[in-house]
Amino acid sequence: MVEAVITFGAILTAITALISIFLVKMTSKESHAGYYPNLFLALVGILLILVASIAPKVDFAGAGFGGIGIACMFAGAIGFIISAVMDAYKNAAA
């Protein structure tokens with residue numbers, strides 16, 4: 001189960017990081033659009049953890065709703081960090 005959660009987290013992190021980097025590069029300096037995919041993923045993770053406490057045990061590729069929720073929150077957190085670093089370099093007045 002741990003391997004499935006780590007795999008989900010790594011895949012979601014890569015996808016979210018690419019989307020966030022693309023959005024940060026393609027939008028204006030005042031836009032916060034690069035953070036929206038990470039926020040969405042973190043909210044989905046919280047909802048999946050809440051559903052896991054109510055719903056019966058459901059396995060998806062070896063991980064339950066709680067594990068996938070943890071992977072989503074991990075990917076959202078790492079995506080927020082990547083987006084913040086990219087946004088900081090974009091807005092730096094060198």
Side-chain angles (χ1 to χ4, degrees):
M1 182 175 137
V2 174
E3 290 177 17
V5 172
I6 292 172
T7 303
F8 277 122
I11 292 170
L12 289 173
T13 301
I15 291 170
T16 307
L18 290 175
I19 292 170
S20 296
I21 289 170
F22 176 76
L23 287 174
V24 167
K25 294 248 184 215
M26 296 299 145
T27 58
S28 67
K29 288 185 177 184
E30 292 82 24
S31 177
H32 299 293
Y35 298 104
Y36 293 151
N38 306 316
L39 179 65
F40 174 73
L41 202 56
L43 290 175
V44 167
I46 291 171
L47 289 175
L48 282 172
I49 289 179
L50 291 174
V51 167
S53 64
I54 297 170
K57 177 72 173 146
V58 176
D59 277 342
F60 179 72
F65 283 145
I68 297 172
I70 291 170
C72 287
M73 288 196 303
F74 170 78
I78 298 299
F80 270 123
I81 293 169
I82 292 170
S83 295
V85 169
M86 296 296 294
D87 198 26
Y89 279 117
K90 180 180 178 180
N91 291 324

Checklist line | Atom of A33, atom of S31 and distance for their closest heavy-atom approach | finding: N-OG, 3.2 Å
Taking only distance into account, with no hydrogens and no angle test, what donor-acceptor pairs under 3.5 Å do side-chain atoms of residues 61-87 form with protein atoms, sequence neighbours excluded?
| from | atom 1 | to | atom 2 | distance (Å) |
| --- | --- | --- | --- | --- |
| S83 | OG | S20 | OG | 3.3 |
| S83 | OG | G34 | O | 3.2 |
| S83 | OG | N38 | ND2 | 3.0 |
| S83 | OG | G79 | O | 3.0 |
| D87 | OD1 | N91 | ND2 | 3.1 |
| D87 | OD2 | Y35 | OH | 3.1 |

Check: Roughly how far apart are T16 OG1 and I11 CD1, rounded to 0.5 Å?
Finding: 11.5 Å
Item checked: Cluster overlap V51 with L43, hydrophobic side-chain contacts below 4.5 Å -> no
Checklist line | Separation between CG of L23 and CG of L18, rounded to the nearest 0.5 Å | finding: 11.0 Å
Next item on the list: Say whether I46 and I49 are linked into one hydrophobic cluster, either directly or through other cluster members, by side-chain heavy-atom distances under 4.5 angstrom.
Entry: yes
Notebook entry, point to check: Under a single-linkage definition using a 4.5 Å side-chain heavy-atom cutoff for Ile, Leu, Val, Met, Phe, Trp and Tyr, are F22 and L41 assigned to the same hydrophobic cluster?
Noted result: no
Check: Who passes side-chain hydrogen bond (donor to acceptor under 3.5 Å, both in side chains) against K29, sequence neighbours left out?
Finding: none
Item checked: K57, NZ: over 12 other non-hydrogen atoms inside 6.0 angstrom -> yes
